[in-house]
Number of protein chains: 2
Amino acid sequence: MGEGLQRILDHLRDCQYRLTPQRRLIVETLLDYSQDHLSAEDLYRIVKRRDPAIGLATVYRTLDLLASLAVLTKVNFGDGCSRFELSAAKRYHHHHHLICEACGVVQGFDEDLLGGLERTIERRTGFRVHDHEVKFYGICHQCRQAAEG
Amino acid sequence: MGEGLQRILDHLRDCQYRLTPQRRLIVETLLDYSQDHLSAEDLYRIVKRRDPAIGLATVYRTLDLLASLAVLTKVNFGDGCSRFELSAAKRYHHHHHLICEACGVVQGFDEDLLGGLERTIERRTGFRVHDHEVKFYGICHQCRQAAEG
DNA sequence: ATGGCTGCAAAAGCTTTGCAATACT
DNA sequence: AGTATTGCAAAGCTTTTGCAGCCAT
């Protein structure tokens with residue numbers, strides 16, 4: 001079993017939540033697809049292959065639970081549904097997204113874009129910033145080649 | 001009549017769209033509330049006070065139209081609906097958002113945070129970036145005072 | 001036994017669509 | 001006349017909720 005999986009399951013237990021087979025399966029699947037940004041529906045379709053009895057509501061409830069424990073982060077790419085990513089992916093606030101307006105692919109991008117800026121903002125606006133999120137919209141390499149070729 | 005209003009109406013006409021009373025009312029209202037981030041429902045409630053016959057579908061269709069003409073930009077603050085802002089507010093890519101996690105207020109914020117970065121990203125990832133958007137999550141001044149006071 | 005969790009189905013939002021009626025050019 | 005546009009209602013989607021039954025402690 002992966003170390004990340006064990007850590008998440010321990011965290012669930014520490015917070016007094018039960019480790020049901022459904023929750024375990026959902027967390028495992030999320031880790032299997034850690035590079036993607038799955039929607040609830042995506043995840044449901046995948047876990048249903050392994051446990052046909054699972055219900056969509058359970059998937060939603062588990063995603064909410066994991067988000068409330070900060071295991072997952074909800075992200076919205078404007079395609080009509082919420083998508084989720086492992087919070088581990090954005091440690092240090094250096095995780096951002098490149099969104100291709102042609103094919104819709106979302107690519108993670110890790111770089112300290114705004115280090116030190118949060119304090120400047122607090123001084124100027126009175127907002128105490130906890131987190132930030134940058135989305136870049138453009139055209140990915142492949143779509144550009146397809147358009148030119 | 002405001003200059004901004006005239007410019008938008010001209011733009012509509014230039015693109016071969018009709019200037020119906022409903023569209024005119026919606027654009028006027030959007031300009032009146034240019035500081036806010038209205039949802040379709042918000043806007044519907046406001047314009048309905050001036051024209052009780054207007055339909056919600058017309059509001060949605062007009063918002064889509066204005067967004068497709070780049071007059072408006074759709075933004076999502078994770079509250080379950082799309083909100084809109086005048087694109088004029090984010091000329092130069094220097095318009096960002098501060099979102100208070102306590103009271104939900106959204107404050108615009110204009111500063112060149114990422115100038116010059118888009119080329120760096122293109123060199124490193126192959127993405128040609130057209131636009132970007134930064135959201136800062138934190139606690140606003142008032143909520144902090146309320147918590148401390 | 002108690003309380004958490006599940007699956008189903010229904011309901012709730014937000015948004016889109018089909019269509020007949022209407023208004024504009 | 002011809003076509004874009006409207007308003008209504010219905011449908012579509014994602015997400016949430018109520019509830020009876022189930023499972024773990």
Side-chain angles (χ1 to χ4, degrees), chain A residues 8-29 37-69 71-84 104, chain B residues 8-29 37-69 71-84 104:
Chain A
I8 294 174
L9 298 182
D10 288 346
H11 188 27
L12 262 179
R13 247 193 321 243
D14 291 348
C15 296
Q16 319 277 7
Y17 293 106
R18 292 198 189 147
L19 236 63
T20 63
Q22 293 89 342
R23 286 179 176 166
R24 188 188 189 93
L25 173 57
I26 287 170
V27 173
E28 281 175 3
T29 307
H37 297 89
L38 300 178
S39 68
E41 201 74 43
D42 292 340
L43 184 58
Y44 175 61
R45 249 173 296 136
I46 296 167
V47 298
K48 199 144 179 92
R49 290 205 297 262
R50 286 223 255 159
D51 174 5
I54 205 165
L56 179 57
T58 299
V59 172
Y60 272 101
R61 284 189 278 233
T62 305
L63 287 171
D64 283 352
L65 176 61
L66 294 172
S68 77
L69 296 179
V71 169
L72 294 180
T73 303
K74 205 186 264 199
V75 281
N76 192 304
F77 298 121
D79 63 345
C81 64
S82 295
R83 296 180 173 276
F84 294 83
Chain B
I8 294 174
L9 299 182
D10 288 347
H11 188 25
L12 262 179
R13 247 193 321 246
D14 292 349
C15 296
Q16 318 277 7
Y17 294 107
R18 290 195 188 151
L19 236 62
T20 63
Q22 293 89 340
R23 286 177 178 169
R24 187 188 191 93
L25 174 56
I26 287 171
V27 173
E28 281 174 3
T29 306
H37 297 88
L38 300 178
S39 67
E41 202 75 43
D42 292 339
L43 185 57
Y44 175 62
R45 248 173 297 137
I46 296 167
V47 298
K48 197 143 180 94
R49 289 204 297 261
R50 285 223 255 159
D51 174 4
I54 206 166
L56 179 56
T58 301
V59 173
Y60 272 101
R61 284 189 279 233
T62 305
L63 287 172
D64 282 352
L65 177 60
L66 294 172
S68 78
L69 296 179
V71 170
L72 294 180
T73 303
K74 205 186 264 199
V75 280
N76 191 305
F77 298 122
D79 64 344
C81 64
S82 294
R83 297 180 173 278
F84 294 83

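Chain naming here is simple, since letters A, B, ... match the order of the sequence lines and numbering starts at 1 in each.
- Remark: P of C:dT16 and CG of B:Leu65 are 13 Å apart, rounded to the nearest angstrom.
- A heavy-atom distance below 4.5 Å is found between the side chains of A:Val47 and A:Leu43.
- As rounded to whole Å, 16 Å separates atom C1' of C:dT6 from atom OH of A:Tyr17.
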**Report entry** Base versus backbone protein contacts along nucleotides 6-25 of chain D [heavy-atom cut-off under 4.0 Å; B, S, -]
**Finding:** BBB-----SBBBB-------
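- Contact record, B:Arg83 with B:Asp79: NE-OD2, 2.8 Å, taken as the closest heavy-atom pair.
- By the 4.5 Å heavy-atom criterion applied to side chains, A:Leu69 and A:Tyr17 are counted as neighbours.
- Under 4.0 Å is where a charged nitrogen must lie from a carboxylate oxygen, and between A:Glu28 and A:Arg24 at least one such pair does.
- One interatomic measurement links the two molecules: CG of A:Leu19 to P of C:dT6, which rounds to 11 Å at whole-angstrom precision.
- No side-chain heavy atom of A:Gln22 sits less than 4.5 Å from a side-chain heavy atom of A:Thr62.
- If you take OG on A:Ser39 and CZ on A:Phe84, they are separated by 9.0 Å, rounding to the nearest 0.5 Å.
- Taking atom CG on A:Leu63 and atom P on C:dC5, their separation rounds to 15 Å, with Å as the unit.
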